[in-house]
Amino acid sequence: MPDRTPKHFLDLEHFDTATLRDMLTRGSGFKSGGAGRPLAGKALVMIFEKPSTRTRVSFEMAIRQLGGEAVVMDRDGSQLGRGETVADTARVLSRYVDAIMIRTTSEAILLEMAEYASVPVINGLTDRTHPCQLMADVMTFEEHRGPIEGKVVVWSGDGNNMASSWIQAAVRFRFELRLACPEQLMPPQDVLDWAAAEGGNIVVTSDVEAAVEGADCVVTDTWVSMGDEENSPSRHNILRPYQVDERLMGLAKPDAIFMHCLPAHRGDEVTPGVIDGPHSVVWDEAENRLHAQKGILHWCMT
Ligand code: CP
Ligand code: NVA
């Protein structure tokens with residue numbers, strides 16, 4: 001019996017390095033002009049339970065440029081918002097389209113969608129991870145600084161969904177990741193335990209200045225992720241020492257790059273001098289969402 005499990009893209013931890021590299025190679029190939037229309041006749045539905053600019057537009061343009069088409073469905077404008085089950089939604093959408101991309105409030109919803117869909121499901125961000133962003137981030141790092149294997153990446157800030165995906169990426173792409181986070185906002189222990197069991201080179205600390213010494217790349221993210229708004233004032237107080245400013249960037253390697261998945265909050269997690277300064281590659285990073293996701297879509301849908 002052939003394996004009929006759809007080729008989901010749920011998290012980096014589920015893939016070996018070669019498969020992730022294959023997706024990136026496809027993405028870079030499309031970026032350098034070898035597009036054609038390999039997804040002609042295919043359709044993607046994109047479900048949003050949270051806002052999005054980059055994920056929404058880059059996925060839509062990616063599938064269109066590969067010859068396919070996209071339909072957007074937001075939770076409140078669909079029957080999901082009135083209680084239709086995720087399982088039933090997955091079964092119905094699988095009869096209409098060739099892949100489902102979902103940005104959701106809870107990882108359990110992503111996993112239920114994947115369990116009941118008979119087409120590939122792509123994780124467009126959950127409360128736990130954001131793997132599509134990491135594919136773009138690895139692509140961007142390597143375009144600017146060469147192979148990421150063995151390099152040093154420093155995360156400064158909230159141990160959030162992006163931090164978890166950076167941990168998974170560090171294991172799969174074999175770079176050193178130093179996470180500088182306040183005690184109260186450390187990355188989830190199960191993700192750190194998984195990385196340790198996989199032999200990942202991950203350091204967790206609250207000392208951001210020590211962490212950043214010799215870094216090839218400094219990364220941060222918003223202090224208040226979507227869904228975390230309730231505790232926003234205390235988060236600002238706790239995270240203030242983790243702001244990436246010119247002084248902190250100056251402790252990294254002289255040619256270190258600065259990355260941020262965006263949207264950014266200048267004056268909070270990053271100063272204007274850093275995000276708009278010479279170390280920043282954030283616009284290339286945002287562009288690469290388009291190219292990396294072409295690689296993911298092509299891998300999932302062919
Ligand atoms: N980085 C990112 O996923 O951005 P959006 O929330 O705009 O999709
Ligand atoms: N950590 C952020 C990422 C946004 C792309 C959030 O979840 O809101």
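Start at 1 and go down the list; that is how both ligands and their atoms are numbered.
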Examine Ser225 against ligand 2 and note whether any of their N/O atoms are separated by less than 3.5 Å. yes
Per-atom contacts, ligand 1 versus Cys261 - under 4.0 Å to a heavy atom: 1 (N)
Side chain His291, main chain Gly27, donor-acceptor under 3.5 Å: no
Going by the order shown, which atoms of ligand 2 are within less than 4.0 Å of some heavy atom of Asn161? 1 (N), 2 (C), 6 (C), 7 (O)
Flag Arg56 as yes when one of its N or O atoms lies below 3.5 Å from any N or O atom of ligand 1, and as no otherwise. no
Contact between ligand 1 and Leu262 is defined here as a heavy atom of the residue under 4.0 Å from a ligand atom; is it met? yes
Do the side chains of Glu13 and Arg172 get close enough for a salt bridge, i.e. N-O under 4.0 angstrom? no
State plainly whether the residues Arg247 and Glu209 are in salt-bridge range, i.e. N to O under 4.0 Å. yes
Tell me the protein heavy atom at minimum distance from atom 4 (O) of ligand 1, and give that distance in Å. Arg54 NE, 2.8 Å
Under a 4.0 angstrom heavy-atom cut-off, which atoms of ligand 1 come close to Thr53? 5 (P), 7 (O), 8 (O)
Parallel, tilted or perpendicular: which describes the rings of Trp299 and Phe15, with under 30° parallel and over 60° perpendicular? perpendicular
Note the single closest protein heavy atom to atom 2 (C) of ligand 1, along with its residue, its atom name and the distance in Å. Arg289 NH1, 3.3 Å
With heavy atoms of His130 as the reference, note each atom of ligand 1 found under 4.0 Å away. 2 (C), 3 (O)
Any Arg103 heavy atom less than 4.0 Å to ligand 1: yes
Look at atom 8 (O) of ligand 2 and say which protein heavy atom is nearest, naming residue and atom and giving the distance to 0.1 Å. Met226 N, 2.8 Å
Measure the distances from the heavy atoms of Thr55 to every atom of ligand 2 and state whether one is below 4.0 angstrom. no
Hey, is the main chain of Ser232 close enough, under 3.5 Å, to the side chain of His236 for a donor-acceptor pair? yes
Determine yes or no for a side-chain-to-main-chain donor-acceptor pair under 3.5 angstrom, with Glu142 supplying the side chain and Pro147 the backbone. no
Any donor-acceptor pair under 3.5 Å linking the side chain of Ser280 with the backbone of Asp276? no
Between Thr271 (side chain) and Gly267 (backbone), is there a donor-acceptor pair under 3.5 Å? no
Subset of ligand 2 atoms that lie under 4.0 Å from at least one heavy atom of Leu125: 3 (C), 4 (C), 5 (C), 7 (O)
List ligand 2 atoms under 4.0 Å from Leu262, heavy atoms only on the residue side. 5 (C)
Using a 4.5 Å cut-off on heavy atoms from C-beta on, say whether the side chain of Glu176 contacts that of Val153. no
Tell me which protein heavy atom sits closest to atom 3 (C) of ligand 2, plus the residue, atom name and distance to 0.1 Å. Asp221 OD2, 3.7 Å
May I ask you to decide whether Asp216 forms a salt bridge with Arg145, counting only side-chain N to carboxylate O separations under 4.0 Å? no
